[in-house]
2 protein chains.
Amino acid sequence: MSPRPRKEQRHPDLQSAIKDAAWQQIGRYGASALSLRAIAREVNITAPSIYNYFPNRDALVTALIIDAYTSFGDSQLAARDSLPADQLAARLKAIGAAYRQWALAYPQRYQLIFGTPIPGYEAPFMEVLPYAARALSALVSVIDQLRLQGRLKAENYPSVQPGDEQQFEVWKSFAGDYDVFSLAVSLLVWSRVHGLVSLEISNNLPPFGIHGDALYLYELESITAQFIKE
Amino acid sequence: MSPRPRKEQRHPDLQSAIKDAAWQQIGRYGASALSLRAIAREVNITAPSIYNYFPNRDALVTALIIDAYTSFGDSQLAARDSLPADQLAARLKAIGAAYRQWALAYPQRYQLIFGTPIPGYEAPFMEVLPYAARALSALVSVIDQLRLQGRLKAENYPSVQPGDEQQFEVWKSFAGDYDVFSLAVSLLVWSRVHGLVSLEISNNLPPFGIHGDALYLYELESITAQFIKE
DNA sequence: ACAATAATCATACAGCGTTTGTTTTTGTTT
DNA sequence: AAACAAAAACAAACGCTGTATGATTATTGT
């Protein structure tokens, strides 16, 4: 029966305030501890009020994931553009380094994107696709440049089967007009950095005297040595 | 106030029955939907009764993880031993293939081990170590054999820093007496197959015409080409 | 035979996401 | 200016969760 608060004493942008509180909680207690009621307490509203800004918990999580992808994509694109466009190998390594740096700086965001920390949540593919595509486009653009210059070394790479062209068209409309083969190679490169980083983030890399820094650098060198000519 | 049931009408092995029901639930509704109360309903006991067999929910999850690691380790060791001991490259590929096959056959178990699907749960490292070490030992044993035969190609591999010898000793007591350098190389190999498989399992590999089978085979070939001489 | 132990249950608590119905402010239309 | 519709907040409740407590009873050991 409480009255609706005056406009002045309300939060100016509750939608953002809710997301901020969510990130704060995720950073403090982990993504799995995310709770609408706790967020509401933080923002000084009641839990059902959140439903005025997000239809349900999953929609809030999706919004968080999109924000995380945007932050991640910013980092990837900035790393690529921090080096001249003609130094493709250096750009590739910079993107790889930025990948791990961002993941170590925001491990909770990384797990929110690539792990499954929210019980029962499944990311809506088509909704997230634009932001995921943009984030991956930094890598794909470099690979595609290498391909155009004839410096991409992937002779026996598995052939791309036709069949999902229209989904790829959607992808291109967000990531840029790159060849599908470059995307295919990028997926493997991505899986390598993702493999190492995800193991490191989730503490599944036993610290038996091997440091993540050196191992990751070695893997980046392996990638460039395998996929770049000369 | 209900009496304790007669011995005959009780489940002969409630500890196993609870775990079986848990696996059944994980297989049906996913690991994140695991619920002590639902398990209790399945086994026809009350939820607090589970506490007679597991001190809390996390202990049950740990027991499930250990079972999953055992199943995974069985698969890895069987794959290795399915080929003669002198065909090391073939053994390596068989282990890699078994890795993905097991993951695709039991995606929920895979995510239970390597993901973080249970809210608030953190695996007790020292408790799980023996079973994780055994599972990884199949790969490490082959890598170490290659090293002993001088066929391991990893010249510029990052050096192993001393400092965690005692933890490594514990590891060896469960996995076998292999060189720490072989373990270090195995970690990178593992991260590669893990990267691809985890992306595939979590549906983060967009099906843009690239089939998991072919891509995975290509990656296995890349691994053998990079790390095995001649 | 009797005491101790172990296993089970009912009950309860606090927390969760979500639904429903109500109240009040806000913005628009007449 | 008055009337009205929409939006935004609230309280209360539902069914779910993991877990603690205390009572009760079947089994086991002496």
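All values below were derived from every heavy atom in this structure, side-chain atoms included, with hydrogens, water molecules and symmetry-related copies excluded. Residue numbering restarts at 1 for every chain, and letters A, B, ... go by the order of the sequence lines.
For A/L36, whose side chain is taken as the heavy atoms from C-beta onward, the closest listed nucleotide among D/dT17, C/dG17, D/dA8 is C/dG17. Residue B/L14 has its side chain nearest to C/dT8 when only C/dG15, C/dT8, C/dC9 are considered. When each of C/dT11, C/dT18, C/dT8 is scored by its nearest atom to the side-chain atoms of B/P48, the top-ranked nucleotide is C/dT11. In this structure, the nucleotide among D/dG18, D/dA12, C/dC16 sitting nearest to the side chain of B/Y51 is D/dG18. Of all nucleotides listed (C/dT20, D/dT19, C/dC16), C/dC16 comes nearest to the side chain of A/R37.
Salt bridge B/D213/B/R100: present, at least one basic N to carboxylate O contact under 4.0 Å.
Annotation: B/F174 is not in aromatic contact with B/Y131 [ring centroid separation under 6.0 Å not met].
A/L34 comes within 4.0 angstrom of sugar-phosphate atoms only, judged by non-hydrogen atoms across all strands, and of no base. Within 4.0 Å (heavy atoms only), B/S35 reaches sugar-phosphate atoms of the nucleic acid but no base atom.
In terms of modelled atom types and a separation under 3.5 Å, the side chain of A/Y216 and the main chain of A/G96 share a donor-acceptor contact.
Between B/R57 and D/dA20, a side-chain N or O to OP1/OP2 separation shorter than 4.0 Å is absent. Side-chain nitrogen and oxygen atoms of A/S49 include at least one within less than 4.0 Å of the OP1 or OP2 phosphate oxygen of D/dC10.
The pairing partner recorded for D/dT27 is C/dA4, the criterion being a Watson-Crick or G-U wobble arrangement whose two distances lie under 3.5 angstrom.
When each of A/A47 and B/D58 is assigned the nucleotide of DNA chain D with its nearest heavy atom, A/A47 is the one assigned upstream, toward the 5' end.
The closest side-chain donor-acceptor pair between A/S198 and A/Y110, if any, does not fall under 3.5 angstrom.
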